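Below is one structure, written out as C-alpha cells, with a few remarks after it.
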Amino acid sequence: MKKLQQFEYGFGMSEFGGYLLVMTRGKIASLYFFTSEVSRDEILAEMMTRWQASFVYSPKKIDAIQLFEEGKSFEFFLSGTDFQRKVWAELRKVKRGEVVSYEEIAQRIGKPKAVRAVGTAIGRNEIAFLIPCHRVVRKSGGLGGFRWGLEVKKKMLEWEKIA
DNA sequence: TGTGGATCTTGTT
DNA sequence: AACAAGATCCACA
C-alpha cells in the first residue's frame with residue numbers, strides 16, 4: 001500500500017485575477033489562474049488530474065502566503081522530463097522587467113532548433129508567475145500564448161512595466 | 001495577412 | 001513504432 005503524498009490547496013485574489021495555489025511539504029507545486037473564461041472549478045479539476053495525490057482544502061494556510069511581494073523566494077516541487085526541467089530552469093533566470101523570445105530560450109538550453117518544443121514545455125510549467133512563463137514572447141513582437149489566457153499574461157507584463 | 005514547411009518533444013494509440 | 005499536436009519561426013505570395 002503506497003501512501004499518496006498530501007497536497008494542500010486554497011484560492012486567492014491578485015492583481016492578475018483569482019488563483020489556485022497548491023503546496024506539498026512546504027513547497028509550491030502549482031499556481032494556476034482563473035478568469036471569466038475559465039472557472040475556478042475547472043482549473044481545480046485540471047490540477048487534480050495533473051497530480052497523483054490526495055488533496056486537502058487548507059484555506060487559512062494558503063491565505064497566509066504572500067506570493068507577489070518583491071524579493072520573495074520559494075521552494076518548488078517540480079516534476080517533468082529532462083527537457084522540461086532545463087526549460088524551466090532557464091525561465092527562472094529571466095528577471096523581472098525582462099522579456100525574451102521562445103527562440104532565445106531554445107538557444108540558451110543548447111537546442112536552437114527546438115523552438116516549438118520549448119513553447120509547449122513552457123506551457124506545461126505548473127507555477128505561473130513565480131516561474132516567469134509570462135516573460136517569454138514571440139520574436140516577431142507578438143505576445144505568443146498563455147495557458148491561463150492572454151489577458152492574464154498582458155496584465156502581468158504591464159504590471160512589470162514592460163508593455 | 002495568410003499559408004505551408006522545417007523542426008523537436010510529448011502523449012496517445 | 002507511428003502519429004498528431006503544440007504558448008515558434010521563416011519564406012514567399
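We use all heavy atoms of the structure for the numbers below, so side chains are in, but hydrogens, waters and symmetry mates are not. It should be emphasised that the depicted structure is a prediction, and the values quoted were computed from it without experimental measurement. Naming: A, B, ... by sequence-line order, numbering from 1 per chain.
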Open item on the list: Can you list, in residue-number order, the parts of residues 45-53 of chain A that come under 4.0 Å of DNA chain B, counting heavy atoms only?
Closed with: none
Task: From C/dA7, B/dC8, B/dT10, nucleotide with atom closest to A/Cys133 side chain - done: C/dA7
TODO: Report the nucleotide, chosen from C/dA7, C/dG6, B/dT10, that has the shortest atom-to-atom distance to any side-chain atom of A/Ile122.
DONE: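 For A/Ile122, the side-chain atoms sit closest to C/dA7.
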TODO: Could you check whether A/Ala114 gets within reach of a base, just the sugar-phosphate, or nothing at all, counting any heavy atom under 4.0 Å?
DONE: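 Sugar-phosphate contact only - A/Ala114 comes under 4.0 Å of backbone atoms but never of a base.
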What is the ring orientation for [X] with [Y], classed by angle as parallel under 30°, tilted 30 to 60°, or perpendicular over 60°?
{"X": "A/Tyr57", "Y": "A/Tyr9", "result": "tilted"}
{"X": "A/Phe129", "Y": "A/Phe68", "result": "perpendicular"}
{"X": "A/Phe7", "Y": "A/Trp51", "result": "tilted"}

- [ ] Using a strict cut-off of less than 4.0 Å between a Lys/Arg side-chain nitrogen and an Asp/Glu carboxylate oxygen, indicate whether A/Lys154 and A/Glu151 qualify as a salt bridge.
- [x] yes
Separation of [X] atom [atom1] from [N] atom [atom2], in whole Å?
{"X": "A/Phe83", "N": "B/dT7", "atom1": "CZ", "atom2": "C1'", "value": "11 Å"}
{"X": "A/Arg85", "N": "B/dT9", "atom1": "CZ", "atom2": "P", "value": "17 Å"}
{"X": "A/Arg124", "N": "B/dT10", "atom1": "CZ", "atom2": "P", "value": "10 Å"}
{"X": "A/Gln107", "N": "B/dT7", "atom1": "CD", "atom2": "P", "value": "16 Å"}
{"X": "A/Ile109", "N": "B/dC8", "atom1": "CD1", "atom2": "P", "value": "12 Å"}
{"X": "A/Glu126", "N": "C/dA7", "atom1": "CD", "atom2": "P", "value": "14 Å"}
{"X": "A/Arg147", "N": "C/dG6", "atom1": "CZ", "atom2": "P", "value": "14 Å"}

Task: Dot-bracket encoding per residue of DNA chain C, Watson-Crick/G-U cut-off under 3.5 Å, | denoting interstrand - done: ||||||.||||||
- [ ] Let me have a per-nucleotide readout for nucleotides 8-13 of chain C, 5' to 3', with B, S or -, counting only protein heavy atoms under 4.0 Å.
- [x] BSS---
Task: Residue pairs passing the salt bridge (charged side-chain N to carboxylate O under 4.0 Å, His left out) test where at least one lies in residues 51-64 of chain A, sequence neighbours excluded - done: A/Glu8-A/Lys61
- [ ] Keeping to residues at least two apart or across chains, list the salt bridge (charged side-chain N to carboxylate O under 4.0 Å, His left out) pairs with something in residues 120-130 of chain A.
- [x] A/Arg50-A/Glu126, A/Glu126-A/Arg147
- [ ] State, without any angle test, whether A/Gln5 and A/Arg25 hold a side-chain donor-acceptor pair at a distance under 3.5 Å.
- [x]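 A pair is found: one side chain offers a donor N or O, the other an acceptor, under 3.5 Å apart.
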- [ ] State, without any angle test, whether A/Ser39 and A/Glu42 hold a side-chain donor-acceptor pair at a distance under 3.5 Å.
- [x]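 A/Ser39 vs A/Glu42: donor-acceptor pair found between side chains.
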TODO: Carefully, step by step, assess A/Glu103 and A/Arg138 under the rule salt bridge (Lys or Arg N to Asp or Glu O under 4.0 Å).
DONE: CA-CA 8 Å; A/Glu103 186 181 55; A/Arg138 288 226 180 159; over 6 Å; no
Task: Linked, directly or transitively: A/Val22 and A/Ile65 (ILVMFWY side chains, under 4.5 Å) - done: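 Same cluster: A/Val22 reaches A/Ile65 through Ile, Leu, Val, Met, Phe, Trp or Tyr contacts under 4.5 Å.
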Task: Set of residues satisfying side chain to side chain contact (heavy atoms under 4.5 Å, CB included) with respect to A/Phe34, sequence neighbours excluded - done: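 In terms of side chain to side chain contact (heavy atoms under 4.5 Å, CB included), with neighbours along the sequence ignored, A/Phe34 is linked to A/Phe11, A/Arg40, A/Ile43.
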